[in-house]
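To keep things clear, I will list the structure first and then write my remarks on it.
Heavy atoms only: backbone and side chains are in, while hydrogens, waters and symmetry mates are out. The first residue in the sequence is number 1, and the count goes up from there. Please read all numbers here as calculations on a predicted model, not as lab measurements.
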Amino acid sequence: DAPGADESGGTDGAGASGSGSYSGNVGSEAEVDAMGKVGVTLDSAGGGNMGGAAGNLATGTSADAAGILLGDSLAQGLAAAQAAAKVAGQGTEVPGGDAELVGVGGSGERGGGHGGAGSGLGHGQGVVEEEGEPAPLPEYCVVPTEKTVEKEEEAAEVVSALPWETGSAMGSGGEKKKPTVLPVIGLMITKEDHSVMREWLNSNMQFLDALVLLDGSDGPETADIMREYMADCPNRINDIHYMHETNPEVAKDLPIKTDQSLRKVVHEKIRQLYGHGRWILVAHTDEFLYHDPRKVAALAQAADTDHVFWYALHVLPHPSERGRYETNRSPLVQQRFQYFHHDFQQRGHPWMEGRMFHDNPRVRYQNEHGPTLPKHGLERAYNGLGDDWLATMQTRAEVAVRSGRQPIPVESPVYLHYKIVDPAPDNYVARTYPSRSGGTFTYWEHKDHFRGHGANPVGLAGADLATLDGFFMVQFEDYAMTTLFDGCLNWLPWSLPNEHRAAKKWQLHIASGTCE
């Protein structure tokens, strides 16, 4: 315990205990948030000391509204708060409130405690009263509560279990329930995607149980965004694993640099953290999930399949959105552009791409550039639609016509792919390629996308992106239909039923963003 300091001293408390260090202020009632709460920093190793080694209470205008716990474990701080440990108290009680733990590292969750502090925070006999609920987390931090899980492998083969995996879910015996959702881990590689990264996290992380990310950006923006998100969502601190390509441990595993060799590094990290037997979603920062991948995983596993191709609804700027974009540009891409393109080659359905797979010891990525999903070890595609999905659909349609029947639309999960996040001619470069007809065509490639070792270019054909006008289009490539997205796709025959929709409200400019 440290000697108490005078209330008017206004100095920060600071100190260290055990494996964690902490710092923070207690603000006066005038300086805290609108609810009049006073933030405190709790001892990360137990003991319940308030404020730090110096034990000071600050009332100046620089006082923080909430203490920041910087220790290795938020859980330790939470335990200290809930243990009714002895704290300060000689003198007049400060108008107290809920204590709030704000995580910037380690693990755990928000905790609350209530107590008074006097003119000094030293050898006191006061007791922390546990009162009230902690401040609610933002909606985008909260993972939906459906948690019926089933694992195929024995517990001994799992390196690190997800938080709720206990009992029969971990292979220790007992009756197993048919899952309605299964855990899904996000696998992401990214480069210079910071303009949309936070929006992606807010929209999609609530439907993923974890995310392992490899960043190839030149600047610190993406890393900063990840830290900010974890500070806002301390309950997800243990669920996000960030790596950068310059990390020596990563660089040694990159004999050549391709999209697939980068994903291979992330895939191996997922196995280190979570073992085999996981469903994995290959995530892109410009793709927003319409269906819940955890529900899709349950469907696919019940069908005895090991990978899933999703319908990709390509969203591009529409001429009707041009004026709003130039005069009142939203920071959210979901509000900037709402028109998606489908009916690929007038076949009655959108484009498809592989986005999910069930990991097993035989699954592996190659180093050479290839499809999004691992090339080796996947055998049974959901709905029978894998890499050759287009030819398979065409064959099925032809068989139906010969039999005098109408082709039946294939229901599959959907995501929206925002092909252009921000129309900017400076982000694209025109390149000329040979065409199948023997001539050439111009393809506008995005400058930030990786191009090495046979990687396909990423961009647009059939448009002139030298000026802003070229980005706003009524028709895109081989798609016959363009539709305004209002947040609901239950009217489309190829979309999975609404019960599999991700339970969220889309942040749209036009329409409600729900199916209600």
Heavy-atom closest pair, residues [X] and [Y]:
{"X": "W200", "Y": "T285", "answer": "CD1-O, 3.4 Å"}
{"X": "T222", "Y": "T190", "answer": "CG2-CG2, 4.4 Å"}
{"X": "R336", "Y": "V421", "answer": "NH1-O, 2.5 Å"}
{"X": "N204", "Y": "E287", "answer": "ND2-O, 3.3 Å"}
{"X": "C488", "Y": "T514", "answer": "CB-O, 3.7 Å"}
{"X": "T482", "Y": "V474", "answer": "OG1-O, 2.8 Å"}

Hydrogens and angles aside, do [X] and [Y] bring a side-chain donor and acceptor to less than 3.5 Å of each other?
{"X": "Y140", "Y": "R198", "result": "yes"}
{"X": "Q334", "Y": "E199", "result": "yes"}
{"X": "D343", "Y": "Y479", "result": "no"}
{"X": "K295", "Y": "T180", "result": "no"}
{"X": "Q301", "Y": "W279", "result": "yes"}
{"X": "H500", "Y": "D292", "result": "no"}
{"X": "D422", "Y": "S195", "result": "no"}
{"X": "H342", "Y": "T483", "result": "yes"}

Is the backbone of [Y] close enough, under 3.5 Å, to the side chain of [X] for a donor and an acceptor to pair up by distance?
{"X": "Q475", "Y": "A480", "value": "no"}
{"X": "Q260", "Y": "P371", "value": "yes"}
{"X": "H291", "Y": "L496", "value": "yes"}
{"X": "N383", "Y": "V410", "value": "no"}
{"X": "Y290", "Y": "L489", "value": "yes"}
{"X": "H244", "Y": "T246", "value": "yes"}
{"X": "Q507", "Y": "Q335", "value": "no"}
{"X": "E192", "Y": "D218", "value": "yes"}

Contact check, side chains of [X] and [Y], non-hydrogen atoms, under 4.5 Å:
{"X": "P317", "Y": "I420", "result": "yes"}
{"X": "F207", "Y": "V184", "result": "no"}
{"X": "M226", "Y": "I240", "result": "yes"}
{"X": "V308", "Y": "V296", "result": "yes"}
{"X": "L373", "Y": "V363", "result": "no"}
{"X": "L187", "Y": "H267", "result": "yes"}
{"X": "D224", "Y": "H194", "result": "no"}
{"X": "W506", "Y": "L416", "result": "yes"}

Chi angles and distances behind the salt bridge (charged side-chain N to carboxylate O under 4.0 Å, His left out) call for K264, E268: CA-CA 6 Å; K264 183 178 180 180; E268 291 303 318; over 6 Å; no
Y415, W389, F340, W310 screened by ring pair (Phe, Tyr, Trp, His ring centres under 6.0 Å) with W351, the one that passes: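 Testing W351 for a ring pair (Phe, Tyr, Trp, His ring centres under 6.0 Å) against Y415, W389, F340, W310 leaves exactly one candidate, W389.
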Test side chain to side chain contact (heavy atoms under 4.5 Å, CB included) applied to Y339 and V315, step by step: CA-CA 6 Å; Y339 284 87; V315 181; 5.7 Å; no
Under a 4.0 Å threshold between the charged nitrogen and the carboxylate oxygen, would [Y] count as salt-bridged to [X]?
{"X": "E245", "Y": "K191", "result": "no"}
{"X": "D359", "Y": "R271", "result": "yes"}
{"X": "K505", "Y": "E139", "result": "no"}

Identified side chain to side chain contact (heavy atoms under 4.5 Å, CB included) partner of L211 from the options H241, R236, M205: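 The residue from H241, R236, M205 that satisfies side chain to side chain contact (heavy atoms under 4.5 Å, CB included) with L211 turns out to be M205.
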E411: which of P493, S495, P497 passes side chain to side chain contact (heavy atoms under 4.5 Å, CB included):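 Only match with E411 under side chain to side chain contact (heavy atoms under 4.5 Å, CB included): P497.
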Give a yes or no on this: more than 12 heavy atoms of other residues, nucleotides or ligands lie within 6.0 Å of atom [atom1] of [X].
{"X": "E499", "atom1": "CD", "result": "yes"}
{"X": "R329", "atom1": "CZ", "result": "yes"}
{"X": "E326", "atom1": "CD", "result": "yes"}

Between atom [atom1] of [X] and atom [atom2] of [Y], what is the distance when rounded to the nearest 0.5 Å?
{"X": "D215", "Y": "M197", "atom1": "CG", "atom2": "CE", "value": "7.0 Å"}
{"X": "S412", "Y": "W494", "atom1": "OG", "atom2": "CH2", "value": "10.5 Å"}
{"X": "Y428", "Y": "D426", "atom1": "OH", "atom2": "CG", "value": "12.0 Å"}

Aromatic Y274 / basic R278 pairing, under 6.0 angstrom, 45° off normal: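 So R278 doesn't make the cation-pi contact.
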Step-by-step side chain to side chain contact (heavy atoms under 4.5 Å, CB included) determination, L332 to F337: CA-CA 9 Å; L332 302 180; F337 313 122; over 6 Å; no
